[in-house]
Amino acid sequence: MSSLISSIFANRGQPGGRVMPFVMILLVATVLASCLNLFTPEGSALHVSTYTITLLGKYLCYAMLALAVDVIWGYCGILSLGHGAFFALGGYAMGMYLMRQIGDRGVYGNPILPDFMVFLDWQELPWFWLGMDQFWFAMIMVILVPGILAYVFGFLAFRSRVTGVYLSIMTQALTYALMLAFFRNEMGFGGNNGLTDFKDILGFDLQSDTTRIVLFLITAALLSVALVTSHWIMNSRMGKVILAVRDSESRARFIGYKTETYKVWLFVYSAVIAAVAGALYVPQVGIINPGEFSPINSIEVVIWVAVGGRGTLIGAVVGALLVNYAKTRFTAILPEGWLFMLGALFVLVTLYLPKGLMGLYGQLKDKFSGPSGPSSANDRKTSDTAEGASA
Amino acid sequence: MNMIEERVSKAREQASEFFRPDQVWPFLVPDQPQQVDVSKQVLLYVEGLNLSFDGFKALNDLNLYINDGELRCLIGANGAGKTTLMDVITGKTQPDSGTVYFGSNINLLDRSEDEIAQLGIGRKFQKPTVFEAQTVFDNLELSLKSNKGVIPTLLARLSPTEIQRIDEVLNIIGLQEQRFMLAGALSHGQKQWLEIGMLLMADPRLLLVDEPVAGMTPQETERTAELLQSLAGERTVIVVEHDMEFVRSIARTVTVLHQGSVLAEGTMDQIQANKDVIEVYLGEDA
Amino acid sequence: MKKLMCISFWLMGCLLPALSHGAEPDAAEAAIQAGHSDSETIPKLVQQLTEKSLTKAIPVLEALAREGGETMLPLFRTMLNGDLYYVKATGRVVGQQEVDGETSYKDLLTAEPVTGLGKRDTKKIRVNNKLRGFLRDSISRIQLSSEDPAKRGAAVRSLLSDLDDSTVLAISEARENETDADVMATMDLALAMYALAEGNSDVEKMDAIEQLSGSLEQDVRNLLRQYAEMEPDHSDYNAKASAAASKALSKIQEKVEFYGFVDQLFFGLSLGSVLLLAAIGLAITFGVMGVINMAHGEMIMLGAYTTYIIQMLLPNHIDLSIWIAIPAAFIVSGLVGVAIERGVIRHLHGRPLETLLATFGISLFLQQLVRTVISPQNVPVSTPSWMSGTLDINPVLSLTLNRLYILAFALLVFFALLIILKKTNLGLNVRAVSQNRAMARAMGVRSDRVDALTFGLGSGIAGIAGVALSQLTNVGPNLGQSYIIDSFMVVVFGGVGNLWGTLVAAFSLGIANKFLEPVTGAVLASILVLVFIILFIQKRPKGLFPQKGRAAE
Amino acid sequence: MKFNKLFAGVTLALGTSMVTFTATAEDTIKVGVLHSLSGTMAISETTLKDTVLMMVEEQNKAGGLLGKKLEPVVVDPASNWPLFAEKTRELLTEKDVDVIFGCWTSVSRKSVLPVIEELNGLMFYPVQYEGEESSKNVFYTGAAPNQQAIPAVDYLMNDLDVERWVLAGTDYVYPRTTNKILEAYLKSKGVDAKDIMVNYTPFGHSDWQSIVSDIKKFGSKGKKTAVVSTINGDANVPFYKELGNQGISAEDIPVVAFSVGEEELSGIDTKPLVGHLAAWNYFQSVDTAENEQFIDTWKTFIKNEDRVTNDPMEATYIGFKMWAQAVEKAGTTDVDAVEKAMIGQEVKNLTGGVAVMNKNHHLSKPVLIGEIQDDGQFEVVWETDGVVAGDAWSDFLPGSKDLIADWTAPTECGNYNVKTKSCGGSMATAE
């Protein structure tokens, strides 16, 4: 009898929160928006413009990136300030495919070389561009390249027990080095201009509304998949190990878990989510350039997660959507003010909202409905020790 | 000329050795769980251990043998090297020189913390460390003796026997009521118990227990003593403790460490009669 | 000897920055008043300057130099500086002077002040590079008879690239009366070069080559190379001379390569000193307090802006401004640092990742503040005259003065800091708190006050670094951003909490960068250095000089 | 669960609020301004935003266009390249603007290009650039390489007798292309390959010691040497400072820059720069009535006596005037009609002479070379006789020597290959 109770309640206070209703809402909302774009006339009050769709598509990609950061920061205490690198690498792999799809429709009409190579007088395609004209190959690269980079970096870093702030700075250096490298024209990725002027994907015109809608829906679907998968991982015993690593890595080691292996694989998982987000981002915004590697972008992602509430999957998504929506709105009204706001957001969230909006929701709920369980009463304390351990 | 021939033949020899059909290459040999060889009745061999930090000798030619099934108490002043010794045994710190064997066949110095833990050596820290953001139940589930690779852990489901085992341990450590409480909300003494419970979950061969009764009430201390005594025999237990009353109540054999090496070993009475010990350790109390 | 000169020069630069101005023109003016020139032709020629187009001005100037000789110096100098004007109404040629923001004019031939002219009444006489080159040469030629041996030497040297019959005649005449050994040697060099280039006999040429073989002068090398590479069918070809020239050349080349190495080393040290300055404040806040201050770069920026503001307030004392700016920047950045510590960091104690985020927010905030309050544009910061120029060791090795000063300054700051931490009470408290906060507090150390002061100290030093950087690079809102990653790399590479590590790391990264750069190019060099550090940290997570022992765990 | 409902509400609210109702006031002509007002490029681009606003104000004072008032619509793409594309879409579909003035960097223009071609918008691009582009929907009022780089090199070669060349640039597409063109051009003039040194540095490069010392060595081989600098923005100050510190004066090794204008000089201590050169189509110091009036209007508009004018501002001025004339001529703001009317439009340059819009959407303009003065202004030392026609496709690059752009019938192509007599690439299929 008691064992039955244990098994039912074993999942109480689950680390992922309730994710299924959220995924449902997300999917319904995206499908609704798509229908309103496709099937209502342009002047109608219900019409959702293509502009809005591309904007929402971009937000969803960002949300996915935020989710990737949350998975390792919120759950495993690894603060990566370089996740933009994986995002951008995924984007570049997709960009290379799209570039090759242009074929002889480039301005110089060269069937093999992208315009920027003709421009710089290159004679043949560099080896790393070979095969990128095949969609399946490019998609494998989207996952493989960032995945391997994450594996190598993670393997080296976690094995030698680089943790906390050191690791954050190293990830920042990683993305900075990649940015410098991709800015070089000799690298063969188009230098500062990056890759742009895409025509079509799998034969579908990138500029048609239908293609946009499909990309938008795919983004929402993949975000949902990422949410559900992450939820599943975090609720499995592996999720518990990950939390254990965050809170007391040495204890986890002394009960027999090879924690660096867990960290490496989680890091790779997270990098792959970021890369997929990047790959979806590129066809929707139409350009990828080394600016995506810039360290400030990666740090901004962290603040989305912090605003939404780290350690909750939904929080990361909500944070990314809210902050980016606010950014779109405020930069339109007061361009100079946005950086002040962003700066203040960083300070205020860390000082007063250590668990983000999701935490605030919990705090408010407690306030109004009385202490409902031990979990929320101890939020503050656990977050403190969590930090202490990751330092 | 000769030299070259010699070298060539040597190389050929090496090559044929490398490609021997009846052997797999060493790096391809799967990791086989090794059985601890305790045919000599000794579970832990610590020999000639030296370790210094910036000139300070934390361990100084330390030798220690623990018999299988024994309950051993380690005592010594601060800086005597007790915790450092535990660090070395559990793989946290590498000594400058010396050997540590688990049974007569497993060299512990070759292994990392998690491998040592999987061999069946459990450790309780001085300051109780449990996973505070997770429930008591989860804490115990994590400590289950199971395959701790990434994929098996990801796919792991609790079997009825495992749940039973957790219930059992919950009973032993007296935390059935608190099973769904977050570990961070437990009292200090309860955390100590939980940590011991986590060690028990792993079904260890050797338990290293660092100051188990610090901060406990007399009743709790008594229960802890009972618990540790009940463990000995089936398992081997090493206890580091300052509380002399407690040591007296549980110890059969006591080892005194001083400045990184063993000063004396014997029953509590023998120790208390030992001149050296009185001078350097108990002398301070008196 | 050179060393001694170097030191004394340096001292002069440090002690008497304000004195280096304005002594010489007067001497030349006296010469004018003595006036022995043809009173007719010169004013007429001068008048032509206002009328002729730029391309036709050179013959006029040539005539002037011929006619006027030494008396033309002030006119030529003023023209070279672009201060030569003429009055629109009368066509009278005047020199413009600015003293304490007041513009005044004077007649250059009579040295009389001309009053009653405003900026709108005059028009500038234009000069271009060709004219400037000509003017500079003429001035050199005239200066062959200057009082100052250093000036005579410089004059001869500048003539080396352009030796013609008249110049050589002038030099050989001057050689007769020359007393200074160094100048004499340079003059001999010039004559030897001329002999090699224009000489008739082989003996003469071989002698010349012999004489030239030790010289590092660029012009000498070019001349020798001409001979060494001369084709056999050339009319001047001489197998013996050619062989001798290439031998002399290879001898010179060895020396040049050595000095090239020294030069590169200096570049590396100089880059290292910049890194050191940028990182050393961070080494304190990060290393001693364990606080990740992402706003560190903005502390540097504030220091640089302080320099700018001081220069705005004291537009006529640029030479002094740096000395005021150093303490001012320390105070400004230090106070901002204390405010940040009290307002934010204190509340995030023991949560380093949160500190990182909060201070990053502060850095965004401060950048935008500067953009809004001052300007989004870069602002101009002048270099004091005593900091500009080079220290010429020899013709192939000259060290730029500003870099030299900054190198010395970086070391000075470093050792001052070391002394503060090792010898003062504050230092003792800081070290106590950093090692064991609770215990220090129990011993009566006011740890919160120590924290604030430490953070203030680190930030203040960043401010000082800003003063130094303002002399090298743009002062703008993005200044700090460009140094923050490098600073972190230096501190992490050197080993957190170890000032010596920071020193060694800064210089080794600087030198590595500079020696890689010629091989790989600037971008790849910095990428390689970054990758190296990333890999190094994997190998030695605690940096070059880790803190050891149980306390470090 | 409660929260989820709440969240659903929020998402819906967000969604609907973005379905913006564009209040289409039919009585105005909307002018989109797409310049970064924040981020790294804000330094340069904010000025151009103000210039457009000034031109709009002037035009409205003069009675507007086609009897309607002009209404500026300003957005901030924040120096973020994908955001340029997004904001272009916003301007064209949400705000329904009739024309866009915008972009500075090449990458921002490249980002905008697919959107503006898809939605058939109209954009004026006012900055000197690397060429190798001609879009039906874009008019390029800044200089092409043959309107800046090649005349500058001619000047150095003919007037200053330069024989050795350092091509130093920031590593991005404009310097890369310009230097490729210059290299080919110099070689065609008989310059030996070993007399050309090419060097690239990253954005914002600040440690110039080694490079300047290399330049010094390169320049000390007894031949007159010059540096052709395509160094961008922030990297210039430390570069010139290092030149000055290492004792290289403008007479020894002159530097001719294509990215240093009055605006850039206003932020730096000009002492080390005096005597160095810049090539532009416009200098503030040029003495003409039009220029004087332009400067006065600008200073009044911006309410700051110290503000300077520069080449991209003139390019914006010319572009705006031409657009206004073309709209008058076409009698409508319809993009296709205005595009046809644009070709052949003439506007008086601020520096004298007349700028003409050519069939390839590039301008014919005069080229000036100026020497930097200590007050941050330029002294013109040389100028071309008459105007130079902007060349969209360089004759000195192997990939583009057979290409021309001609947007009039019957060619109507941005990259027409004169050898194969065909319109290659995207522009043809997009028609």
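Just so we're on the same page: letters track the sequence lines, and every chain starts at 1.
With a 4.5 Å cut-off on non-hydrogen atoms, Ala78(D) does not touch chain A at all. Looking at Phe203(D), only its side chain comes within 4.5 Å of chain A, counting heavy atoms on both sides. Neither the backbone nor the side chain of Leu119(D) comes within contact range of chain A; no heavy atom of the residue lies under 4.5 Å from a heavy atom of that chain. When heavy atoms are compared at a cutoff of 4.5 Å, Ser38(D) approaches chain A solely by way of its side chain, counted from C-beta outward. Contact of Phe116(A) with chain D is not made at all, since no heavy-atom distance falls under 4.5 Å. Only the side chain of Pro398(D) comes within less than 4.5 Å of a heavy atom of chain A; its backbone N, CA, C and O stay farther away.
Looking only at side-chain heavy atoms (C-beta outward), Thr50(A) and Arg89(D) come within less than 4.5 Å of each other.
Using modelled atom types, one side-chain atom of Gln207(A) and one backbone atom of Pro114(D) make a donor-acceptor pair closer than 3.5 Å. Of the possible polar contacts, none joining the Asp76(D) side chain to the Thr331(A) backbone as a donor-acceptor pair under 3.5 Å is found.
The two atoms that bring Ser111(D) and Thr196(A) nearest to each other are CA-OG1, 4.2 Å, heavy atoms only. Residues Ile287(A) and Pro82(D) approach most closely at CG2-CA, 3.6 Å, considering heavy atoms.
Salt bridge Glu86(D)/Lys327(A): absent, no basic N to carboxylate O contact under 4.0 Å.
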Side chains of residues 180-192 of chain A: which donor-acceptor pairs under 3.5 Å do they make with residues two or more places apart or in other chains?
{"unit_1": "Asn185(A)", "atom_1": "ND2", "unit_2": "Asp171(D)", "atom_2": "OD1", "d": "2.7"}
{"unit_1": "Glu186(A)", "atom_1": "OE1", "unit_2": "Arg176(D)", "atom_2": "NH2", "d": "3.0"}
{"unit_1": "Glu186(A)", "atom_1": "OE2", "unit_2": "Arg176(D)", "atom_2": "NH2", "d": "3.3"}

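For the set Asn110(A), Asn289(A), Thr54(A), the count of heavy-atom pairs under 4.5 angstrom toward chain D peaks at Asn289(A).
A side chain to side chain donor-acceptor pair (under 3.5 Å) with Tyr51(A) holds for exactly one of Glu94(D), Lys95(D), Lys87(D), Glu90(D); it is Glu90(D).
To the nearest 0.5 Å, the span separating CG on Asp115(A) from NZ on Lys110(D) amounts to 7.0 Å.
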